[in-house]
Amino acid sequence: MSDLSIRTISADEHAAYIAAQPAASFLQTPGWAAVKSEWKAESLGWYDPANPAELVGAGLVLYRQMPKVKRYLAYLPEGPVIDWDAIDLGAYLRPLAAHLQERGAFGIRMGPPVAARRWTAKTIKDAIAGGQQPKLGDVRPDVIEPSGATVTNQLRTLGWKPPRVAEGFAAGQPQYVFQVPLAGRSQDDLLKGMNQLWRRNIKKAEKLGVEVTQGGTEDIKAFHQLYVETAERDHFTPRPLPYFEKMYAAMANQPSGCCDFRIYNAHHEGDLVASTIWVRVGGHSWYSYGASSTAKRDVRGSNAIQWRMMTDALAAGASVYDLRGITDTLDPNDPHVGLIQFKTGTGGEAVEYVGEWDLPLNKALYTAFDLYMRRR
């Protein structure tokens, strides 16, 4: 396979290509560039020289400038959107590296959307109960994806390297996520696949009159108030309100309808008890952000709102409902294990991706930038 050509494309061309794909990450849609406005951005397209009018791949590149120097880290979160099963990935990646180097990049980081291993909910539950394996990666997987090893081997051969644990630029996406497969399933199947606690909580929320509705831009402020409350309770730093206002404006109004972006609200007797952000691109849907009130937790608004988002994803034709990142700890005494147990109750599966990979284009600047980011 000869190397493809690559060039800058418009947001419209980019969105139309994404809309035509079976699935792609919402972080690779052109609207994400507006969300990450502190980074420079560029939409790139790959073309086959034999048919120069046909777009065969697309990628959103975010450029983070090095302090005091006009050189950049080029970052493609959960992308690019190319044929990752290609026999020669270099046909895509060599021209990418050349183009980004011309743009002033000293290094590239990308996150191939390629799964490597999968663990069922039962396997995870048994591992936590057994207490013998403190990390998910130590547990024997239920499925090993051949494409994971193939892509990893190609990347190493092409000079890319995976960041070391705790390394790198604070730009990364989670390597472990939790997903509920939807393809070929009914609502009944989904409900039966959940554990008893989830089924009971969904039923309890319904019985107590929790109402879940789809919201709009006017609900962002209420979502954010609940999100700040959640952050205080769960000890994380919340994003500011303008971030979510920007996200809604950028993601909900993309060209070609390449992205379905929604806010959901769960109310009980007029009180907002849970609020979430849901995204879908093609067959992949995500629970992106969530918030819940400390009061009235016993009405189970969080379970009700998840069930609504899951069934709406199913109705929209999605094949996956993605609850996003999990840590890889299975230590029953680790506070993070509670999140895994909550997500495991959906009856889905943990998925390990091949992770993010780096290509240093200027090793001295790459090393200096990495050191700067880790000291911040």
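For the numbers below, each heavy atom of this structure counts, side chains included, while hydrogens, waters and symmetry mates do not.
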Hey, could you give me the CG/CG distance between Asn303 and Leu197, rounded to the nearest 0.5 Å? 7.0 Å
Taking atom types as modelled, find out whether Gln254 and Thr29 have a side-chain donor-acceptor pair closer than 3.5 angstrom. yes
Pairs touching residues 191-225 that satisfy ring-ring contact (aromatic ring centres under 6.0 Å, His included), sequence neighbours left out: Trp198-Phe342, Phe223-Tyr227, Phe223-Phe244, His224-Tyr227, His224-Phe244
Minimal non-hydrogen separation, Met194 against Thr346, with atom names: CG-O, 3.5 Å
Atom CZ in Arg117, atom CG in Leu136: separation rounded to 0.5 Å? 7.5 Å
Would you check, one step at a time, whether the test side-chain contact (heavy atoms from CB on, under 4.5 Å) holds for Thr294 with Glu229? CA-CA 8 Å; Thr294 303; Glu229 181 183 331; 3.1 Å; yes
List the steps, then state whether side-chain contact (heavy atoms from CB on, under 4.5 Å) holds for Cys258 with Val281. CA-CA 6 Å; Cys258 75; Val281 180; 5.5 Å; no
Please check if the distance between the ring centroids of Tyr248 and Phe261 is under 6.0 Å. yes
Closest non-hydrogen atom pair between Leu208 and Val299, with its separation: CD1-CA, 3.9 Å
Between Arg233 and Ser292, does any side-chain donor sit less than 3.5 Å from a side-chain acceptor? yes
Taking ILVMFWY side chains as joined if any heavy atoms are under 4.5 angstrom apart, and letting links pass through other members, which residues group with Leu339? none
Do Gln28 and Ser25 have a side chain donor and acceptor closer than 3.5 Å? no
Please say whether the positively charged group of Arg324, taken as NZ for Lys or CZ for Arg, lies over the ring of Phe178, i.e. under 6.0 angstrom from the six-membered ring centre and within 45 degrees of the axis. no
Is it true that Asp189 and Ser186 share a donor-acceptor pair across their side chains at a distance under 3.5 Å? yes
Can you pull the ring-ring contact (aromatic ring centres under 6.0 Å, His included) pairs that have at least one residue in residues 111-146, sequence neighbours excluded? none
Residues joined to Leu272 in its hydrophobic cluster, side chain to side chain under 4.5 Å directly or through other members, sorted by chain and number, are Leu226
Would you kindly say whether Lys246 and Ser37 are connected by a side-chain donor-acceptor distance under 3.5 Å? yes
Measure centre to centre between the rings of Trp286 and Phe26, then say whether the value is under 6.0 Å. yes
Between Lys135 and Asp334, is there a salt bridge with N-O shorter than 4.0 Å? no
One pair to check against salt bridge (charged side-chain N to carboxylate O under 4.0 Å, His left out): Arg300 and Asp298. What are the steps and the verdict? CA-CA 5 Å; Arg300 305 304 177 190; Asp298 60 330; over 6 Å; no
Treating Glu356 as the side-chain partner and Gln173 as the backbone partner, does any N or O pair qualify as donor plus acceptor under 3.5 Å? yes
Are Leu323 and Tyr289 connected, step by step, through hydrophobic side chains (Ile, Leu, Val, Met, Phe, Trp, Tyr) whose heavy atoms are closer than 4.5 Å? no
Heavy atoms, side chains only, cut-off 4.5 Å: are Leu361 and Tyr366 in contact? no
Can you see which heavy atom on Val35 is nearest to which on Ala250, and at what distance? CG2-CB, 3.9 Å
Step by step, would you call Tyr321 with Gln179 a side-chain contact (heavy atoms from CB on, under 4.5 Å)? CA-CA 6 Å; Tyr321 179 72; Gln179 299 175 347; over 6 Å; no
After noting the C-alpha distance and the side-chain angles of Arg64 and Glu38, does the key distance pass the salt bridge (charged side-chain N to carboxylate O under 4.0 Å, His left out) rule? CA-CA 8 Å; Arg64 179 149 190 171; Glu38 71 275 19; over 6 Å; no
Check which hydrophobic residues are tied to Val177 through side-chain heavy-atom contacts below 4.5 Å, counting indirect links as well, and list them. Val351, Tyr353
State whether a side-chain donor-acceptor pair under 3.5 Å links Arg103 with Thr8. yes
Pair up each side-chain donor or acceptor in residues 51-63 with any protein partner under 3.5 Å, not counting sequence neighbours, and list the distances.
from  : atom 1 : to    : atom 2 : distance (Å)
Asn51 : ND2    : Glu54 : OE1    : 3.0
Tyr63 : OH     : Glu42 : OE1    : 2.5

Regarding Ser43 and His14, do their side chains bring together a donor and an acceptor under 3.5 Å, going by distance alone? yes
Donor + acceptor pair across side chains of Thr150, Ser147 (<3.5 Å): no
Without hydrogens or angle criteria, can the side chains of Asp83 and Tyr92 be said to hold a donor-acceptor pair below 3.5 Å? no
Report whether Trp357 and Ile82 are members of the same hydrophobic cluster (ILVMFWY, side-chain heavy atoms less than 4.5 Å apart, transitive linking). yes
